[in-house]
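First the structure, in the form of C-alpha cells, and then the observations on it.
Numbers restart at 1 for each chain; the letters A, B, ... are given by sequence-line order, proteins then strands. Note that the coordinates shown come from a computational prediction; the quantities given were computed from them, not determined experimentally.
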Amino acid sequence: MFFILEGCLTCDNLVMTISNSQQDSMLGGLNDKQLEAVTLPAQSALILAGAGSGKTRVLTTRIAWLIQTGQVSPTGLLAVTFTNKAAKEMLTRLTSMLPINTRGMWVGTFHGLCNRLLRAHYREAGLPQTFQILDTSDQLSAIKRVMKVMNVDDEKFPPKQVMGYINSCKEEGLRAHTVEAYDPHSQRMREIFDEYDKQCQREGVVDFAELLLRCYELLGRDANIREHYQSRFRYILVDEFQDTNRLQYQWLKLLAGHHNCVFAVGDDDQSIYAFRGARVGNMRDFEKEFSIQNVVKLEQNYRSHSNILDAANAIISNNNNRLGKNLWTAAGQGEPVRLYEAYNDIDEANFIADEVKMLHGEGWALSDIALLYRSNAQSRVIEHALFSNNIPYRVYGGLRFFERAEIKHAMAYLRLVSNPEDDVAMLRVINFPTRGIGARSLEQLQEAARAQNCSLWQAAINKVGNGKPGKGLDGFVALIKQMQDDAKGLTLPEMAELATTMSGLKGFYQLEKEGEDRIANLDELINAAVTFINNNHDALEDGSDGLLEFLTHASLEAGEHQADVGADALQLMTVHAAKGLEFQAVFISGLEEGLFPHENSTFESNGLEEERRLMYVAVTRARKRLYLSHAQSRMLHGQIRYGIPSRFLDEIPDALLKRLNSRQVQKPNMSNSSMSNYGYGQYQSAPSNSSEQKSAMPWKIGQAVAHAKFGQGVVVSYEGNANDMRVQINFGREGMKWLAMEYAKLEQV
DNA sequence: CTTGAGAGGTTTTTT
DNA sequence: ACCTCTCAAG
C-alpha cells in the first residue's frame, strides 16, 4: 500500500451512466434488510451484521450503489478495514460490480490510509519524506536500545511490557506529556516512552500506533488539511467496527466532522480483540454521538444449518450487555452438532484424524474442513496424528514472509541502500553475516553517534572515512557504499538480488546446515519484488525505482503465512484466525474449562464474555457439520492436566447434540460453583487404570485428599522418586500447591 | 565469535 | 513439552 499524491487521481472524471437494469442486477438477490442498509439515505448509520449475514456484500454494494447513483464519486469516499485481505476483497468485489478503476480510491486499512495521508503531508506531520515503519520486532529492539542508553533495569521494566505500555498509550491517543503517572514506576515508564519517541523522531521512523496517532494529531492540528479531507470524504465506511480502538474511533470522528456520513458495520457478538485495545463500547458511543436513526440489523444467516445456528444463539444468549440480535436461517435443521468426549488429547487427535479421513472418503474436500483450537500449542498433538494418518494439512499462524529473519536482513540492506542513516536497519545487519564487529565495537560506535548527535552511519563514516574493503567496520562502510553505487539505475528486483548476494547473506546460508529454506525465501524475495513492480507500475511515479514503496509495502503487509495455498489440505488455525472464514465442516477441539474458556480470561474484566463470543465465532464458522470435542486430560506445559468439559458445552441445548461416544464422564458438582470455577482447578475422577501411574506413587492422580491447612483438594500430578516425592494438589480456592510427601500430612478422603 | 547449558515463559493478533 | 533467550566457556 503506498501513496498517491493529490491530483493524480484517476477516477475523478469517470462519468457513471447507469441503466435501471444495471442497478437491478447490482441490488438483486439482497434481502429486505440488506437492501435497506445498502440504500440508506445520506446519513450516518450502524449496521449490526450477524455472522454469515452477508456483511461484506452489503458494504461493497453500498459503495457501488452510492457511486452508481451519482451520490459520490469514487474518490469522494473512504472505506477502512483492519486487514489488507479485507481491503483487497472489497476492491475485488467492487471492480466486479462497477466498471471503475479502483486505483486512487481510499480503500484500505487504518494503517495504510494513515500512511498514505502522512506521506502526502510529511512536512506538516513533522516527518522526513522517507520515513520508515517499524514492525513489532523493530519496535522492540528500538525500545531495548533506548532503555540501554537510559540505564533502565530490564528486570524491573521488561521491554515487552514497556512496548505494551507505549502502544496502549498511543492507542488511547496519549503522549508522554499527556499520560498520567503518579507512582515512581509509571513515571519511569513515561520517561522511557518520551525518550523512545524522541529516538524515533531522530531516526525518522514510526511504529504502527504512531502512524495512527501522528495522523490523528495532524488532522486535529492543521485545519487546512482537516477541512480538505472532511470536504472530500463525504462518505466513510467502516468494516468490523466492533474492533476499533479508542484512537481509531477518534480518528474517524475527526475525519467525519459534523456533516459526513459514516456507515459502520459491525457485530458486537464477534468482538474478540479487547486484549489488543478494541472497544466494543465504540458501537454504543457511535450510536449516541452520531445520533443514529437507523440501526439496521442483518439477522438472516446464509451460512449454517439451523442446528448449528441455534447452538450459537444459545451460547451467546448467556452474555449480558449485548446490543441484541438473533440469527435465523431459511436453511433446514441439518445434522445435529456432534460431541466427542476424549480420554486424553491424543485420543481427541486420533478421533479427529479418523473422522476427517472418513469425511474425505465421502467426498468432502479437505480444504472445506477446518480444525479450530483456542491456543496454538494445541496444534502439535493434532499435527502428529494427521501426519501419521497421511492427511495433508495447513497450519495458519506463525511467521509471515516479511517477518522471517533472512528476509528482514535482506530488507535491512535495502533500507540502508535507500537511506544509510536508518539506525534500525544498520543495527540489524552491521554484523550479519558476521564481519568482526562485536558488541564492544558496536557500543563504541553507538557512543560516538550519541556524542556527535548523529546517526550510526555518520559516526561510522567519521571513524573510517570511505572504508576499505574487507572485515570490520571499514568493510561494512565500503560494502554499503558499493551497494549504493551498484544499485543506481537498477530495477527493484535487481536491487533485491544485490541485497541478497552482495551482502553475503546467500553465501552465509549456503554454509548453514539447514539453510536451504532460507535461501529459497531469499529467492522468493526477488519474486516478490517482481510481483510488486508488476502490480504497481502505473501507480509509481516515472523514474521511481519503487524501492521506498516496496519497503513500506513490506512493513504494512507482512505477506501470506504460507505459500502453498492452493493444495487441498485440512485447515488448522486458532479460533481468532478463523474469524471471517467459513467451512463446510468444523471441528472445535479442547473444549475444557481452563483452555476454552481460557483460565487467564477470568482475570480480565468481562474476559469470560469475550471467551463466549470467541466460542460463538467458532461455532458460526460451520456450514453443514460441526464437531465439538474435549479431553479428560491433556499434556500442557509438560504436565498432565485434568479438565472438566467447557461450560459452553452445557450452554448448548441437549436436543441439538449428538453424543458420539457413551463414555460416562462424571460431571463436577455445579451447585458450589459460585467460587472460582475456572481453570484446571475443577477436576473430575480420572480413570483409575491410568497407564501413567507409577508404582511409587502413593496417591492416584485424581484422588481426593485433605490437608490440615489447605483443606480438601485433588491430586493433579507428581514428580520425583520414592525418596523425594512431591505431589501437586489442586486445593480449589486455595490454589495449586506442590507438597513434599515426606512433610505434608495428607489424608485420603 | 560460536556453542551449549540453563533459565524462564508458555492465550488470542493485525498493522 | 518445547521454544527462546541469556550467559559463560571454548
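The cationic atom of R400(A) (NZ for Lys, CZ for Arg) does not lie both less than 6.0 Å from the six-membered ring centre of F402(A) and within 45° of the ring axis. For the pair R647(A) and F596(A), the cation-pi test (distance below 6.0 Å, angle within 45°) is failed.
Near DNA chain B, meaning a heavy atom under 4.0 Å away, the residues from residues 270-283 of chain A are Y273(A), F275(A), R276(A).
Here dT11(B) is the nucleotide among dT15(B), dT11(B), dC3(C) with the atom lying nearest to any side-chain atom of E604(A). Listed nucleotides dT15(B), dT10(B), dC2(C) differ in distance to H637(A); the shortest reach to its side chain belongs to dT10(B). Comparing dT15(B), dT13(B), dT11(B) by their nearest atom to the side chain of A577(A) picks out dT13(B). Closest to the side chain of N431(A), out of dT12(B), dC1(B), dT15(B), is dC1(B).
Note on T434(A): a side-chain N or O is less than 4.0 Å away from OP1 or OP2 of dT2(B). Between N376(A) and dC3(C) there is no side-chain N or O to OP1 or OP2 distance below 4.0 Å. Considering only side-chain N and O atoms, T574(A) lies under 4.0 angstrom from the phosphate OP1 or OP2 of dT13(B). One finds no side-chain N or O of R634(A) lying less than 4.0 angstrom from the OP1 or OP2 phosphate oxygen of dA1(C). Taking only side-chain nitrogens and oxygens, N115(A) never comes nearer than 4.0 Å to OP1 or OP2 of dT15(B). For R435(A) and dC1(B), the shortest distance from a side-chain N or O to OP1 or OP2 is not below 4.0 Å.
Aromatic stacking is not marked for H576(A) over dT12(B), as the cut-offs of 5.5 Å for the centres and 30° for the planes do not both hold.
Checked by distance alone, T136(A) brings a side-chain donor or acceptor within 3.5 Å of a matching partner on the base of dT15(B).
Residue G438(A) is the one, among N600(A) and G438(A), whose nearest nucleotide of DNA chain B lies closer to the 5' end (criterion: closest heavy atom). Between E611(A) and A209(A), the residue anchored nearer the 5' end of DNA chain B, judged by the nucleotide with its closest heavy atom, is E611(A).
In this structure, D153(A) places its CG atom 15 Å from C1' of dT6(C), rounding to the nearest Å. Atom CD of E240(A) and atom P of dT15(B) are 12 Å apart (whole Å). Across the protein-nucleic acid pair, M635(A) atom CE and dC2(C) atom P stand 8 Å apart, rounded to whole Å. Spacing between atom CG of L399(A) and atom P of dC3(C) amounts to 13 Å, rounded to whole angstrom units. Atom P of nucleotide dT11(B) and atom OH of Y396(A) are separated by 24 Å, given to the nearest angstrom. N167(A) has its CG atom 12 Å from the C1' atom of dT14(B), to the nearest Å. The nearest whole Å value for the distance from the CE atom in M163(A) to the P atom in dT14(B) is 14 Å. When the C1' atom of dT13(B) is taken as reference, atom CG of N84(A) falls 14 Å away, rounded to whole Å.
Counting only N and O atoms by type, the side chains of R214(A) and Y216(A) include no donor and acceptor under 3.5 Å apart. Side-chain contact, N282(A) with R279(A): a donor N or O sits under 3.5 Å from an acceptor N or O.
Ring planes of F208(A) and H111(A): perpendicular class, angle over 60° (limits at 30 and 60°). The aromatic rings of F532(A) and H553(A) sit tilted, their planes meeting at an angle between 30° and 60°.
No engagement by Q139(A) is indicated, since no non-hydrogen atom pair under 4.0 Å with the nucleic acid exists. Residue-level contact check: L134(A) touches neither bases nor backbone, having no heavy atom under 4.0 Å from any strand.
Partner D243(A) forms a salt bridge (Lys or Arg N to Asp or Glu O under 4.0 Å) with one of R276(A), K579(A), R613(A) and no other, that one being K579(A).
The separation of dT4(C) from dT13(B), taken at their P atoms, amounts to 16 Å, rounded to a whole angstrom.
The backbone N or O of I437(A) sits nowhere less than 3.5 Å from a side-chain atom of S441(A) that would complete a donor-acceptor pair.
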After noting the C-alpha distance and the side-chain angles of D138(A) and Q132(A), does the key distance pass the side chain to side chain contact (heavy atoms under 4.5 Å, CB included) rule? CA-CA 11 Å; D138(A) 294 333; Q132(A) 291 292 318; over 6 Å; no
